[in-house]
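A short write-up of the structure that comes next.
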Amino acid sequence: MSRTTLDLWVGVFVAMGIAALLFLALKVGSISGSEIQSPYTLRAHFDNIGGLKVRAPVKSAGVLVGRVTEIRYDNERYQAEVVFSVDGRYTFPTDTFANILTSGLLGEQYLGLDPGGEEENLKPGALIKKTQSAVVLEKLISQFMFNKAAEGDAEPAK
Amino acid sequence: MGNLFRRLGSLAINGVWQLGFIARFFWLILRYSGQSFTRLHLTMRELYFSGVMSLLIILVSGLFVGLVLGLQGYEILQRYGSSEAMGTMVALSLLRELGPVVAGLLFASRAGSAVTAEIGLMKVTEQLKAMDMMAVSPIARVVAPRFWGGVVSMPILTALFSMMGIFGGWLIGVVFIGVDDGAFWSQMQAAVDFRYDVVNGVIKSCVFGVAVALIAVFEGYDCVPTAEGVSRAITRTVVSSALAILALDFVMTSFMFRGL
(Lines give C-alpha, C1' and ligand atoms only; values in the text may rest on other atoms or scores of the structure.)
Protein backbone atom coordinates (compact mmCIF):
# COMPACT_ATOMS: atom_id res chain seq x y z
CA MET A 1 0.00 0.00 0.00
CA SER A 2 1.37 3.40 -0.92
CA ARG A 3 2.13 5.94 1.73
CA THR A 4 -0.51 8.49 0.71
CA THR A 5 -3.43 6.03 0.90
CA LEU A 6 -2.11 4.79 4.23
CA ASP A 7 -1.94 8.34 5.57
CA LEU A 8 -5.45 8.97 4.27
CA TRP A 9 -6.86 5.94 6.09
CA VAL A 10 -5.11 6.83 9.33
CA GLY A 11 -6.38 10.39 9.00
CA VAL A 12 -9.94 9.13 8.51
CA PHE A 13 -9.52 6.82 11.51
CA VAL A 14 -8.31 9.58 13.81
CA ALA A 15 -11.03 11.96 12.59
CA MET A 16 -13.65 9.29 13.31
CA GLY A 17 -12.24 8.90 16.82
CA ILE A 18 -12.43 12.63 17.47
CA ALA A 19 -15.98 12.76 16.07
CA ALA A 20 -17.01 9.87 18.35
CA LEU A 21 -15.52 11.61 21.37
CA LEU A 22 -17.33 14.84 20.48
CA PHE A 23 -20.56 12.86 20.11
CA LEU A 24 -20.04 11.33 23.56
CA ALA A 25 -19.26 14.73 25.06
CA LEU A 26 -22.00 16.81 23.46
CA LYS A 27 -24.88 14.47 22.64
CA VAL A 28 -24.57 11.76 25.30
CA GLY A 29 -23.28 13.89 28.16
CA SER A 30 -24.26 17.51 28.05
CA ILE A 31 -21.02 19.41 28.44
CA SER A 32 -22.60 22.72 27.44
CA GLY A 33 -25.56 23.43 29.71
CA SER A 34 -24.97 21.63 32.97
CA GLU A 35 -21.41 22.73 33.69
CA ILE A 36 -21.04 25.27 36.45
CA GLN A 37 -19.17 28.40 35.41
CA SER A 38 -16.94 30.50 37.69
CA PRO A 39 -18.47 29.11 40.88
CA TYR A 40 -18.52 30.70 44.33
CA THR A 41 -19.16 28.85 47.58
CA LEU A 42 -21.91 29.26 50.16
CA ARG A 43 -22.46 27.47 53.44
CA ALA A 44 -25.49 26.34 55.42
CA HIS A 45 -26.11 24.53 58.73
CA PHE A 46 -28.70 21.78 59.00
CA ASP A 47 -30.03 19.79 61.94
CA ASN A 48 -30.29 16.72 59.75
CA ILE A 49 -29.10 16.31 56.17
CA GLY A 50 -30.79 12.95 55.62
CA GLY A 51 -29.23 11.25 52.60
CA LEU A 52 -27.59 14.31 51.02
CA LYS A 53 -24.28 13.45 49.36
CA VAL A 54 -21.27 15.33 48.05
CA ARG A 55 -21.85 16.25 44.36
CA ALA A 56 -25.62 16.37 44.92
CA PRO A 57 -27.31 19.03 42.79
CA VAL A 58 -28.23 22.48 44.13
CA LYS A 59 -31.43 23.70 42.50
CA SER A 60 -33.43 26.87 42.55
CA ALA A 61 -36.91 26.83 41.00
CA GLY A 62 -35.99 23.37 39.72
CA VAL A 63 -33.02 24.60 37.70
CA LEU A 64 -29.54 23.28 38.43
CA VAL A 65 -27.47 26.18 39.81
CA GLY A 66 -24.65 24.40 41.63
CA ARG A 67 -23.35 21.33 43.42
CA VAL A 68 -22.62 20.29 47.00
CA THR A 69 -18.85 20.24 47.47
CA GLU A 70 -18.37 19.30 51.12
CA ILE A 71 -20.36 17.95 54.05
CA ARG A 72 -18.88 18.00 57.56
CA TYR A 73 -20.00 17.82 61.16
CA ASP A 74 -19.77 21.03 63.17
CA ASN A 75 -18.91 19.91 66.69
CA GLU A 76 -19.62 23.30 68.25
CA ARG A 77 -23.19 23.61 67.05
CA TYR A 78 -23.86 19.84 66.84
CA GLN A 79 -25.14 20.39 63.32
CA ALA A 80 -24.14 19.39 59.84
CA GLU A 81 -22.37 22.02 57.76
CA VAL A 82 -22.97 21.79 54.01
CA VAL A 83 -20.63 23.69 51.69
CA PHE A 84 -21.79 24.07 48.10
CA SER A 85 -20.66 25.94 45.01
CA VAL A 86 -23.07 28.06 43.01
CA ASP A 87 -22.72 29.17 39.40
CA GLY A 88 -21.24 32.67 39.23
CA ARG A 89 -23.99 33.83 36.87
CA TYR A 90 -26.60 33.53 39.63
CA THR A 91 -26.91 35.60 42.80
CA PHE A 92 -29.26 35.06 45.73
CA PRO A 93 -30.56 37.55 48.35
CA THR A 94 -29.34 37.28 51.95
CA ASP A 95 -32.65 35.90 53.25
CA THR A 96 -32.57 32.90 50.90
CA PHE A 97 -34.05 29.73 52.35
CA ALA A 98 -32.07 26.46 51.95
CA ASN A 99 -34.08 23.23 52.06
CA ILE A 100 -33.06 19.63 51.64
CA LEU A 101 -35.62 18.13 49.26
CA THR A 102 -36.18 14.79 47.55
CA SER A 103 -36.83 14.47 43.84
CA GLY A 104 -39.84 12.19 43.61
CA LEU A 105 -40.81 9.77 46.35
CA LEU A 106 -37.65 7.64 46.24
CA GLY A 107 -35.32 9.86 44.24
CA GLU A 108 -32.00 11.38 45.20
CA GLN A 109 -31.87 14.28 47.65
CA TYR A 110 -30.85 17.74 46.59
CA LEU A 111 -30.42 21.20 48.04
CA GLY A 112 -33.21 23.62 47.10
CA LEU A 113 -32.72 27.39 47.32
CA ASP A 114 -35.78 29.62 47.77
CA PRO A 115 -34.78 33.26 47.22
CA GLY A 116 -36.20 35.82 49.62
CA GLY A 117 -36.90 39.52 49.09
CA GLU A 118 -33.82 41.29 50.46
CA GLU A 119 -32.03 43.85 48.30
CA GLU A 120 -28.58 42.68 49.33
CA ASN A 121 -27.09 39.51 47.79
CA LEU A 122 -25.15 36.69 49.44
CA LYS A 123 -21.40 37.15 49.12
CA PRO A 124 -19.00 34.28 48.34
CA GLY A 125 -18.37 32.19 51.47
CA ALA A 126 -21.48 33.55 53.23
CA LEU A 127 -23.58 31.46 55.58
CA ILE A 128 -27.25 30.89 54.81
CA LYS A 129 -29.11 31.29 58.11
CA LYS A 130 -32.57 30.05 57.21
CA THR A 131 -32.50 26.32 56.61
CA GLN A 132 -34.89 23.43 56.75
CA SER A 133 -33.68 19.89 57.36
CA ALA A 134 -34.41 16.80 55.34
CA VAL A 135 -37.74 15.13 55.96
CA VAL A 136 -36.99 11.75 57.48
CA LEU A 137 -39.75 9.40 56.44
CA GLU A 138 -39.49 7.17 59.54
CA LYS A 139 -39.96 10.17 61.85
CA LEU A 140 -42.96 11.33 59.86
CA ILE A 141 -44.58 7.89 59.99
CA SER A 142 -43.91 7.42 63.71
CA GLN A 143 -45.34 10.87 64.48
CA PHE A 144 -48.43 10.01 62.49
CA MET A 145 -48.78 6.69 64.30
CA PHE A 146 -48.37 8.25 67.74
CA ASN A 147 -50.96 10.87 66.87
CA LYS A 148 -53.38 8.18 65.76
CA ALA A 149 -52.69 6.17 68.90
CA ALA A 150 -53.28 9.24 71.06
CA GLU A 151 -56.58 9.88 69.28
CA GLY A 152 -57.55 6.24 69.80
CA ASP A 153 -56.93 6.55 73.54
CA ALA A 154 -58.85 9.79 73.79
CA GLU A 155 -62.04 8.56 72.11
CA PRO A 156 -63.28 5.92 74.64
CA ALA A 157 -62.98 8.45 77.47
CA LYS A 158 -65.66 10.70 75.94
CA MET B 1 7.24 -29.82 52.01
CA GLY B 2 10.62 -28.27 51.27
CA ASN B 3 10.00 -28.92 47.62
CA LEU B 4 6.76 -26.96 47.75
CA PHE B 5 8.45 -23.92 49.26
CA ARG B 6 11.26 -24.20 46.73
CA ARG B 7 8.77 -24.09 43.90
CA LEU B 8 6.96 -21.13 45.47
CA GLY B 9 10.26 -19.34 45.87
CA SER B 10 11.29 -19.91 42.27
CA LEU B 11 7.87 -18.75 41.13
CA ALA B 12 8.21 -15.52 43.10
CA ILE B 13 11.76 -14.88 41.90
CA ASN B 14 10.76 -15.52 38.29
CA GLY B 15 7.79 -13.20 38.66
CA VAL B 16 9.90 -10.36 40.02
CA TRP B 17 12.55 -10.97 37.39
CA GLN B 18 9.95 -10.88 34.62
CA LEU B 19 8.43 -7.68 36.03
CA GLY B 20 11.82 -6.01 36.14
CA PHE B 21 12.49 -7.13 32.59
CA ILE B 22 9.19 -5.64 31.40
CA ALA B 23 9.89 -2.38 33.23
CA ARG B 24 13.34 -2.09 31.65
CA PHE B 25 11.86 -2.92 28.26
CA PHE B 26 9.22 -0.19 28.75
CA TRP B 27 11.95 2.30 29.61
CA LEU B 28 13.90 1.26 26.48
CA ILE B 29 10.82 1.81 24.30
CA LEU B 30 10.31 5.28 25.76
CA ARG B 31 13.99 6.11 25.26
CA TYR B 32 14.00 5.04 21.63
CA SER B 33 10.60 6.59 20.87
CA GLY B 34 12.10 9.94 19.89
CA GLN B 35 14.40 8.20 17.44
CA SER B 36 11.52 6.22 15.94
CA PHE B 37 9.30 9.31 15.62
CA THR B 38 11.84 10.85 13.24
CA ARG B 39 10.49 8.28 10.78
CA LEU B 40 6.84 8.81 11.55
CA HIS B 41 5.55 6.76 8.63
CA LEU B 42 6.57 3.57 10.50
CA THR B 43 4.19 4.48 13.33
CA MET B 44 1.54 5.50 10.80
CA ARG B 45 1.78 2.08 9.20
CA GLU B 46 1.28 0.37 12.57
CA LEU B 47 -1.61 2.72 13.36
CA TYR B 48 -3.17 1.53 10.11
CA PHE B 49 -2.67 -2.16 10.87
CA SER B 50 -3.75 -2.15 14.51
CA GLY B 51 -6.25 0.72 14.37
CA VAL B 52 -7.93 0.97 10.99
CA MET B 53 -7.95 -2.78 10.41
CA SER B 54 -9.64 -3.34 13.81
CA LEU B 55 -12.46 -0.93 12.93
CA LEU B 56 -14.81 -3.57 11.53
CA ILE B 57 -14.73 -5.91 14.53
CA ILE B 58 -14.97 -2.99 16.98
CA LEU B 59 -17.90 -1.30 15.24
CA VAL B 60 -19.88 -4.52 14.71
CA SER B 61 -19.30 -5.78 18.27
CA GLY B 62 -20.15 -2.36 19.68
CA LEU B 63 -23.42 -2.37 17.78
CA PHE B 64 -24.36 -5.83 18.99
CA VAL B 65 -23.42 -5.08 22.60
CA GLY B 66 -25.62 -1.98 22.43
CA LEU B 67 -28.52 -3.94 20.91
CA VAL B 68 -28.34 -6.57 23.65
CA LEU B 69 -28.04 -3.94 26.39
CA GLY B 70 -31.10 -2.21 24.94
CA LEU B 71 -33.19 -5.40 24.95
CA GLN B 72 -32.11 -6.53 28.42
CA GLY B 73 -32.41 -3.05 29.88
CA TYR B 74 -35.92 -2.64 28.50
CA GLU B 75 -36.92 -6.06 29.83
CA ILE B 76 -36.01 -5.04 33.39
CA LEU B 77 -36.88 -1.33 33.32
CA GLN B 78 -40.40 -1.75 31.90
CA ARG B 79 -41.33 -3.74 35.03
CA TYR B 80 -40.87 -0.54 37.00
CA GLY B 81 -42.49 1.62 34.35
CA SER B 82 -39.31 3.52 33.64
CA SER B 83 -38.34 2.36 30.19
CA GLU B 84 -37.20 5.91 29.32
CA ALA B 85 -34.25 5.35 31.65
CA MET B 86 -32.81 2.76 29.27
CA GLY B 87 -30.79 5.44 27.46
CA THR B 88 -29.14 6.28 30.76
CA MET B 89 -28.45 2.63 31.50
CA VAL B 90 -26.98 1.87 28.08
CA ALA B 91 -24.82 5.01 28.02
CA LEU B 92 -23.47 4.68 31.55
CA SER B 93 -22.65 0.98 31.35
CA LEU B 94 -20.92 1.49 28.00
CA LEU B 95 -18.97 4.61 28.92
CA ARG B 96 -17.84 3.45 32.34
CA GLU B 97 -17.15 -0.25 31.95
CA LEU B 98 -18.17 -2.14 28.84
CA GLY B 99 -16.65 0.23 26.28
CA PRO B 100 -13.08 0.24 27.59
CA VAL B 101 -13.07 -3.39 28.75
CA VAL B 102 -14.69 -5.11 25.76
CA ALA B 103 -12.85 -2.92 23.25
CA GLY B 104 -9.62 -3.69 25.12
CA LEU B 105 -10.24 -7.45 25.05
CA LEU B 106 -11.11 -7.35 21.34
CA PHE B 107 -8.10 -5.19 20.62
CA ALA B 108 -5.79 -7.57 22.50
CA SER B 109 -6.99 -10.57 20.53
CA ARG B 110 -7.21 -8.80 17.17
CA ALA B 111 -4.17 -6.51 17.14
CA GLY B 112 -2.05 -7.58 20.13
CA SER B 113 -1.73 -11.16 18.95
CA ALA B 114 -0.82 -9.99 15.44
CA VAL B 115 1.93 -7.75 16.81
CA THR B 116 3.35 -10.58 18.93
CA ALA B 117 3.30 -12.97 15.98
CA GLU B 118 5.04 -10.45 13.72
CA ILE B 119 7.82 -9.60 16.16
CA GLY B 120 8.22 -13.24 17.20
CA LEU B 121 8.57 -14.33 13.59
CA MET B 122 11.14 -11.61 13.01
CA LYS B 123 13.08 -13.03 15.92
CA VAL B 124 12.83 -16.59 14.58
CA THR B 125 14.13 -15.55 11.18
CA GLU B 126 16.88 -13.51 12.91
CA GLN B 127 15.78 -10.23 11.36
CA LEU B 128 16.11 -8.47 14.71
CA LYS B 129 19.71 -9.65 15.06
CA ALA B 130 20.46 -8.59 11.47
CA MET B 131 19.16 -5.09 12.27
CA ASP B 132 21.36 -4.94 15.32
CA MET B 133 24.36 -5.95 13.18
CA MET B 134 23.57 -3.08 10.79
CA ALA B 135 23.51 -0.68 13.75
CA VAL B 136 19.74 -0.19 13.38
CA SER B 137 18.12 -0.45 16.79
CA PRO B 138 15.32 -3.04 16.56
CA ILE B 139 13.56 -1.27 19.44
CA ALA B 140 13.40 2.00 17.51
CA ARG B 141 12.71 0.38 14.12
CA VAL B 142 10.28 -2.43 15.05
CA VAL B 143 9.07 -2.27 18.66
CA ALA B 144 8.40 1.42 19.37
CA PRO B 145 6.19 2.05 16.29
CA ARG B 146 4.04 -0.99 17.13
CA PHE B 147 3.78 0.09 20.75
CA TRP B 148 2.69 3.65 19.89
CA GLY B 149 0.35 2.40 17.19
CA GLY B 150 -1.49 0.38 19.84
CA VAL B 151 -1.46 3.14 22.45
CA VAL B 152 -2.95 5.70 20.06
CA SER B 153 -5.58 3.46 18.49
CA MET B 154 -7.01 2.07 21.73
CA PRO B 155 -8.82 5.24 23.00
CA ILE B 156 -10.10 5.98 19.49
CA LEU B 157 -11.47 2.45 19.12
CA THR B 158 -13.07 2.65 22.58
CA ALA B 159 -14.82 5.93 21.74
CA LEU B 160 -16.12 4.39 18.51
CA PHE B 161 -17.23 1.25 20.37
CA SER B 162 -19.19 3.29 22.93
CA MET B 163 -20.74 5.41 20.21
CA MET B 164 -21.86 2.37 18.24
CA GLY B 165 -23.21 0.77 21.43
CA ILE B 166 -25.31 3.82 22.25
CA PHE B 167 -26.53 3.87 18.66
CA GLY B 168 -27.51 0.19 19.07
CA GLY B 169 -29.38 0.95 22.28
CA TRP B 170 -31.15 3.82 20.54
CA LEU B 171 -32.05 1.53 17.62
CA ILE B 172 -33.69 -1.03 19.93
CA GLY B 173 -35.26 1.47 22.31
CA VAL B 174 -36.54 4.22 20.03
CA VAL B 175 -36.90 2.59 16.62
CA PHE B 176 -38.10 -0.91 17.49
CA ILE B 177 -39.73 -0.65 20.91
CA GLY B 178 -40.96 2.93 20.64
CA VAL B 179 -39.51 4.64 23.70
CA ASP B 180 -39.88 8.41 23.31
CA ASP B 181 -36.89 9.85 21.46
CA GLY B 182 -36.69 13.06 23.47
CA ALA B 183 -36.95 11.30 26.83
CA PHE B 184 -34.27 8.79 25.76
CA TRP B 185 -31.72 11.52 25.01
CA SER B 186 -32.65 14.01 27.71
CA GLN B 187 -32.53 11.44 30.51
CA MET B 188 -29.18 10.25 29.18
CA GLN B 189 -27.82 13.80 29.08
CA ALA B 190 -29.06 14.51 32.59
CA ALA B 191 -27.31 11.44 34.00
CA VAL B 192 -24.04 11.37 32.04
CA ASP B 193 -21.42 13.76 33.35
CA PHE B 194 -18.60 14.67 30.98
CA ARG B 195 -15.82 14.78 33.55
CA TYR B 196 -17.06 11.91 35.68
CA ASP B 197 -18.16 9.39 33.05
CA VAL B 198 -16.68 10.24 29.65
CA VAL B 199 -13.22 11.37 30.79
CA ASN B 200 -12.85 8.47 33.24
CA GLY B 201 -13.71 6.05 30.41
CA VAL B 202 -11.08 7.65 28.18
CA ILE B 203 -8.48 7.41 30.98
CA LYS B 204 -9.31 3.73 31.37
CA SER B 205 -8.94 3.06 27.65
CA CYS B 206 -5.56 4.86 27.55
CA VAL B 207 -4.27 2.70 30.42
CA PHE B 208 -5.54 -0.45 28.71
CA GLY B 209 -3.90 0.67 25.48
CA VAL B 210 -0.49 1.00 27.18
CA ALA B 211 -0.94 -2.35 28.97
CA VAL B 212 -2.02 -4.32 25.90
CA ALA B 213 0.58 -2.77 23.57
CA LEU B 214 3.38 -3.30 26.09
CA ILE B 215 2.44 -6.94 26.72
CA ALA B 216 2.13 -7.62 22.99
CA VAL B 217 5.53 -6.20 21.99
CA PHE B 218 7.24 -7.66 25.05
CA GLU B 219 5.96 -11.19 24.48
CA GLY B 220 7.00 -11.01 20.84
CA TYR B 221 10.46 -9.71 21.66
CA ASP B 222 10.93 -12.15 24.53
CA CYS B 223 9.66 -15.34 22.82
CA VAL B 224 11.68 -18.51 22.39
CA PRO B 225 12.72 -18.37 18.72
CA THR B 226 11.01 -21.53 17.54
CA ALA B 227 7.65 -22.22 15.92
CA GLU B 228 6.33 -23.50 19.25
CA GLY B 229 7.79 -20.53 21.13
CA VAL B 230 5.97 -18.06 18.89
CA SER B 231 2.66 -19.84 19.32
CA ARG B 232 3.12 -19.87 23.10
CA ALA B 233 4.01 -16.19 23.08
CA ILE B 234 0.80 -15.36 21.20
CA THR B 235 -1.26 -17.36 23.70
CA ARG B 236 0.47 -15.57 26.57
CA THR B 237 -0.23 -12.19 24.98
CA VAL B 238 -3.97 -12.82 24.81
CA VAL B 239 -4.19 -14.39 28.28
CA SER B 240 -2.07 -11.85 30.13
CA SER B 241 -3.67 -8.92 28.28
CA ALA B 242 -7.13 -10.11 29.29
CA LEU B 243 -6.07 -10.60 32.91
CA ALA B 244 -4.27 -7.24 32.98
CA ILE B 245 -7.31 -5.43 31.54
CA LEU B 246 -9.75 -6.96 34.02
CA ALA B 247 -7.48 -6.45 37.04
CA LEU B 248 -6.59 -2.86 36.09
CA ASP B 249 -10.26 -2.19 35.45
CA PHE B 250 -11.16 -3.25 38.96
CA VAL B 251 -8.42 -1.11 40.47
CA MET B 252 -9.37 1.97 38.44
CA THR B 253 -13.09 1.53 39.04
CA SER B 254 -12.52 1.36 42.78
CA PHE B 255 -10.63 4.66 42.58
CA MET B 256 -12.93 6.45 40.11
CA PHE B 257 -16.46 5.37 41.05
CA ARG B 258 -17.09 4.87 44.71
CA GLY B 259 -20.53 6.42 44.82
CA LEU B 260 -19.65 9.69 46.50
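Order of the sequence lines sets the chain letters (A, B, ...), proteins ahead of strands, with each chain counted from 1.
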Do any of residues 44-52 of chain A come closer than 4.5 Å to chain B, heavy atom to heavy atom, and if so which ones, in number order?
none

Quick check: under 4.5 Å, non-hydrogen atoms only, which of residues 163-182 of chain B neighbour chain A?
B/M163, B/I166

May I ask you to list the residues in residues 47-67 of chain B that approach chain A closer than 4.5 angstrom, counting heavy atoms only, ordered by number?
B/L47, B/Y48, B/G51, B/V52, B/L55, B/L59

Honestly, the part of B/S153 sitting under 4.5 Å from a heavy atom of chain A is both

Nearest-0.5 Å distance that lies between atom CD in B/Q189 and atom CG in A/L26
9.0 Å

Given heavy-atom pairs under 4.5 angstrom as the criterion, report whether the side chain, backbone, both or neither of B/V152 touches chain A.
neither

How long is the span from the CG atom in A/L6 to the CE atom in B/M44, to the nearest 0.5 Å?
8.5 Å

Counting only heavy atoms from other residues, nucleotides and ligands, does the tally under 6.0 Å from OH of A/Y73 exceed 12?
yes

How about residues 10-22 of chain A versus chain B: which residues have heavy atoms under 4.5 Å apart?
A/V10, A/F13, A/V14, A/M16, A/G17, A/A20, A/L21

